[in-house]
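Take a look at the structure set out below.
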Amino acid sequence: MGIFQTTFQLKERARGFHLITDEIELALPEIQNCQAGILNLFIQHTSASLAINENADPSVRVDLESTLNRIVPENQPHFTHTYEGPDDMPAHIKAAILGASINLPITNGRLNLGLWQGIYLCEHRNQGGPRNIVASLYS
Amino acid sequence: MGIFQTTFQLKERARGFHLITDEIELALPEIQNCQAGILNLFIQHTSASLAINENADPSVRVDLESTLNRIVPENQPHFTHTYEGPDDMPAHIKAAILGASINLPITNGRLNLGLWQGIYLCEHRNQGGPRNIVASLYS
Amino acid sequence: MGIFQTTFQLKERARGFHLITDEIELALPEIQNCQAGILNLFIQHTSASLAINENADPSVRVDLESTLNRIVPENQPHFTHTYEGPDDMPAHIKAAILGASINLPITNGRLNLGLWQGIYLCEHRNQGGPRNIVASLYS
C-alpha cells in the first residue's frame, strides 16, 4: 500500500496517434507487483495528450488524426496565438479536449484494460520532440 | 484506508446519453463506509464513455447526443476504418473526446457531487451491448 | 499516507478560460507536505470545467474560448434544452468535452507540472457565479 511515482520519457514521434501500451508496461515493471491499484499517467506538455482507444486496427488511429484535424483546423482566421506556427494553437485545443492524464485500473499485476483497449500518445505538433510522463501508481 | 476494487456490468442501452447515478450507487454499497476518498470508474470499451453532466432535465441528454453527432458525423469521406459500420469510427472518436474514466470524490459515505450533477453512460454505438465497468475506491 | 480532502470556492469569473494555478496552490498549503501523491480537483458544476494548458501567453486562453464557441455554437436549431438561455446547452456540451476533474502529480511538496503547464478554470456560462471545487490529495 502507498504510492510509487516515477518519471520517464517517450521518444519523439510523428504527429498523430500512437499505440504505446507495451512501452508503458516496459517502463513500469512495478505494475506486476500490484494486486489492486490505479495508475495515473500525466503528460507534462500542452500540445500532446494521452488517451485510451482501440489497440487493434491502425486505421482507427489514422482516422482519429484526420478527424481531429477537421474538428480543430489550422489557420483559423480568428486565431491570435500564431507565432509558434500553424500547428501550435490547434495542438493546445486538442490537448484541452483529449486531456493531459489518464487513470488505468491495475488488477493482479496487470493493466486491467478491456480486450480492445490500448494506451495512446496523441502527438499534436509536427515536431513535438520527446514527451515526459509522470507515472503515479497507488495501491 | 486502502483500495477496494470490483467489476460490474451495465445492461445494454440504446445509443445516447443515460443517467446511471442510482445504478452506480447500488452496485457500490462500499461507498457508504468511506469517509473521504476517490472513486474511479473505468469503462473497458472504446466506443462508449463515462461523463458527468446535468441530472435533472432529460433534454440535456437528448441535445448532447444530437450535438456530438454533428461534431463527429458518420460517413465522413476521409474515414478508412469503415468495415464495422457507419457508427463505429464516430464512436471511437467520441470515446477519445469524452474519455474512458471519471473520478468522483466520496465524502461522509456519499458521492460528493454538485446538486445538479449525475453520472452518464454515453453509448456511442447503435447496438453496443452490455458495458463492463472497473470501479476502484481508494480512501 | 492517506487522503486529505477539502472544499473551497473560486470567485465568479467572466466566461472564458482563466489561469488559476496560484489560487489552487494558495488554497491547498497541504501540497507542501506531500512528498509523492496525486491531487484530484473536482468542479461541482455542469457548465464549467477544469483543464490543464499553457501558462504563459494569454492569447492561448482567448483562442480556446473563441474556438470552443465555434465547435459548440449557441442557438443551434436542433437544441431542445433552451429555457436557461443560449449559453446554457453549449456550456453543458463543453463541460462534457473538457471534463469536470483533473489529476495532478505532486512531487517533493510541489505540483509536478511541465514548465509550460497551468491549471485552467473554463467558465462556459455568461454569469456562472462562484464555482465549488472538491480537492482530494492522496499520498
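Here is the naming used below: chain letters follow the sequence lines, and residue numbers restart at 1 for every chain. Predicted, not measured: the structure shown is a model, and the values here were computed from it.
Residues A36(A) and I3(B) come closest through the heavy atom pair O-CG2, 3.2 Å. In plain terms, the two heavy atoms of N103(B) and N103(A) that are nearest each other are ND2-ND2, 2.7 Å. The heavy-atom pair separating T80(B) from S59(A) by the smallest distance is OG1-CB, 3.4 Å. Considering all non-hydrogen atoms of both residues, I71(A) and I97(B) come closest at CD1-CD1, 4.2 Å.
For L64(A), the parts lying under 4.5 angstrom from a heavy atom of chain B are both the backbone and the side chain. Only the backbone of I106(A) comes within contact range of chain B, judged by heavy atoms closer than 4.5 Å. For N132(B), no part lies near chain A; criterion is any non-hydrogen pair under 4.5 Å. Residue contact with chain A, scored on non-hydrogen atoms closer than 4.5 Å, involves the backbone and the side chain of A96(B) alike. Neither the backbone nor the side chain of I102(B) comes within less than 4.5 Å of any heavy atom in chain A. Only the side chain of Y138(B) comes within contact range of chain A, with at least one heavy atom under 4.5 Å from a heavy atom of that chain.
When each of N112(A), L98(A), V62(A) is checked for heavy-atom pairs under 4.5 Å with chain B, N112(A) comes out on top. Looking only at heavy-atom pairs under 4.5 Å with chain A, the residue among H45(B), H78(B), M89(B) that has the most is H78(B).
Within a 6.0 Å sphere centred on CZ of R110(B), heavy atoms belonging to other residues, nucleotides or ligands number 12 at most.
Expressed to the nearest 0.5 Å, how far CG of D88(B) lies from CG of D57(A) amounts to 9.5 Å. The structure places CG of L39(A) at 11.5 Å from OG of S136(B), a figure rounded to the nearest 0.5 Å. A distance of 9.5 Å separates CD in Q44(B) from CG in L115(A), rounded to the nearest 0.5 Å. In this structure, CD1 on I38(A) lies 10.5 Å from CD1 on I38(B), to the nearest 0.5 angstrom.
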Evaluate the side-chain contact (heavy atoms from CB on, under 4.5 Å) criterion for residues T46(B) and V60(A): first the C-alpha distance (whole Å), next the side-chain angles of each, then the deciding distance (0.1 Å), finally the verdict.
-> CA-CA 11 Å; T46(B) 62; V60(A) 170; over 6 Å; no

Pair I52(A)-F42(B), side-chain contact (heavy atoms from CB on, under 4.5 Å): steps then yes or no = CA-CA 11 Å; I52(A) 295 162; F42(B) 180 89; 3.4 Å; yes

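When atom types are taken as modelled, the side chain of N53(A) and the backbone of H92(B) share a donor-acceptor pair closer than 3.5 angstrom.
Remark: the Q5(B) side chain and the T107(A) side chain contain an N/O donor-acceptor pair separated by less than 3.5 Å.
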